[in-house]
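Numbers here simply count residues along the sequence, with the first being 1.
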Amino acid sequence: QVQLVESGGGLVQAGGSLRLSCVASGRTFSVYAMGWFRQAPGKERELIAAISWRGDNTYYVDSVKGRFTISRDNAKSTIYLQMNSLKPEDTAVYYCAASLRLGLPTVTRNYDYWGQGTQVTVSS
């Protein structure tokens, strides 16, 4: 079992930046691939970024490429999502999740543990 707690969300103007953090506790953090998801009102939860357990492989959905950066610090059991050039369409609840699958899972059902989410609101 692993527990995940996100932080760093808030209200920001378009063009601004936020850095989300997700701290893990419980089972050994370093064995998990990790992902950041988001869910906007009326929309399905989508994977926007993922990182392998060693941090040497990453995935980004097209809509955030070049603006968001996922990273991890296994010594701190923490992953981060640096979000730059934010747009109103980035407004959503952001969740971190952990996967026991090998490689770099990009399917929502392959993630085993979830945080409670943090709200990000981007005003125009």
Side-chain angles (χ1 to χ4, degrees):
Q1 192 80 323
V2 64
Q3 293 77 44
L4 303 171
V5 179
E6 305 96 336
S7 63
L11 174 64
V12 64
Q13 288 188 332
S17 298
L18 284 174
R19 188 194 196 202
L20 305 183
S21 299
C22 173
V23 179
S25 60
R27 291 182 62 178
T28 305
F29 172 75
S30 61
V31 304
Y32 293 95
M34 300 293 296
W36 283 101
F37 292 74
R38 68 184 180 189
Q39 187 167 20
K43 295 188 177 181
E44 291 188 356
R45 190 172 300 188
E46 65 168 342
L47 176 67
I48 59 170
I51 189 166
S52 60
W53 69 273
R54 285 194 294 189
D56 56 351
N57 193 12
T58 57
Y59 161 85
Y60 297 95
V61 71
D62 285 347
S63 59
V64 307
K65 282 181 181 177
R67 300 189 298 124
F68 291 10
T69 303
I70 188 172
S71 61
R72 69 189 294 161
D73 184 340
N74 286 345
K76 296 182 178 179
S77 297
T78 302
I79 65 166
Y80 305 96
L81 186 68
Q82 178 66 43
M83 304 187 295
N84 299 328
S85 302
L86 283 161
K87 304 174 181 180
E89 52 263 44
D90 294 317
T91 295
V93 178
Y94 284 69
Y95 300 88
C96 70
S99 174
L100 287 169
R101 275 65 172 179
L102 296 176
L104 194 61
T106 58
V107 177
T108 303
R109 66 175 180 271
N110 286 338
Y111 283 80
D112 304 288
Y113 302 104
W114 294 83
Q116 293 300 306
T118 185
Q119 176 70 46
V120 171
T121 303
V122 184
S123 63
S124 56

- Query: Going by an N to O cut-off under 4.0 Å, is there a salt bridge joining D62 and K65?
  - Reply: yes
- Message: Does the Lys NZ or Arg CZ of R45 fall within the cation-pi geometry relative to W114 - under 6.0 Å from the ring centre and within 45° of the axis?
- Response: yes
- Chi angles and distances behind the side chain to side chain contact (heavy atoms under 4.5 Å, CB included) call for I70, Y59: CA-CA 9 Å; I70 188 172; Y59 161 85; over 6 Å; no
- Query: About how many Å separate OG of S123 and CG of L86, when rounded to the nearest 0.5 Å?
  - Reply: 10.0 Å
- Query: Okay, side chain of D90, backbone of T121: is any donor-acceptor separation there less than 3.5 Å?
  - Reply: no
- Task: Indicate yes or no for a side-chain donor-acceptor contact from D112 to the backbone of S99 under 3.5 Å, with no hydrogens or angles considered.
- Result: no
- Message: Donor-acceptor check, side chain of E6 to backbone of Q116, threshold 3.5 angstrom: yes or no?
- Response: yes
- Item | Rounded distance (nearest 0.5 Å) linking atom CZ of R67 with atom CD of Q82 | 12.0 Å
- Task: Taking the six-membered ring of Y80 (Phe, Tyr or Trp), confirm whether the NZ or CZ of R72 is under 6.0 Å from its centre and within 45° of its axis.
- Result: no
- Message: For Y94, give me all partners under side chain to side chain donor-acceptor pair (under 3.5 Å), at least two apart in sequence or on another chain.
- Response: R38
- Between CD1 on residue I51 and CG on residue D56, distance to nearest 0.5 Å: 8.5 Å
- What is the distance from atom CZ of R101 to atom OH of Y32, rounded to the nearest 0.5 Å? 11.0 Å
- N/O donor-acceptor pair under 3.5 Å between T91 side chain and V122 backbone: yes
- Are the side chains of V120 and V93 in touch, meaning some heavy atoms are under 4.5 Å apart? no
- Item | Separation between OG1 of T69 and CE of M83, rounded to the nearest 0.5 Å | 11.0 Å
- Query: Can you name the nearest heavy-atom pair linking L20 to G9, along with the distance?
  - Reply: CD2-N, 3.5 Å
- Approximate separation, where rounding is to 0.5 Å, of Q39 CD and T108 OG1: 9.5 Å
- If every non-hydrogen atom of L47 is compared with every non-hydrogen atom of P105, which pair is closest and at what distance? CD2-O, 3.8 Å
- Message: Could you report the tightest heavy-atom contact between L4 and A24, atom names first, then the distance?
- Response: CD2-CB, 3.6 Å
- All heavy atoms of Y113 vs all of L100, minimum pair found to be CE1-CD1, 4.5 Å
- Just checking, any donor-acceptor pair under 3.5 angstrom between side chains of N84 and S17? yes
- Item | Residues C22, T78; criterion side chain to side chain contact (heavy atoms under 4.5 Å, CB included); working and verdict | CA-CA 5 Å; C22 173; T78 302; 5.7 Å; no
- Note on the structure: For A14 and P88 the tightest heavy-atom approach is CB-CD, 4.1 Å
- Message: Under a 3.5 Å distance rule, please check whether Y111 uses its side chain to pair with a backbone N or O of F37 as donor and acceptor.
- Response: no
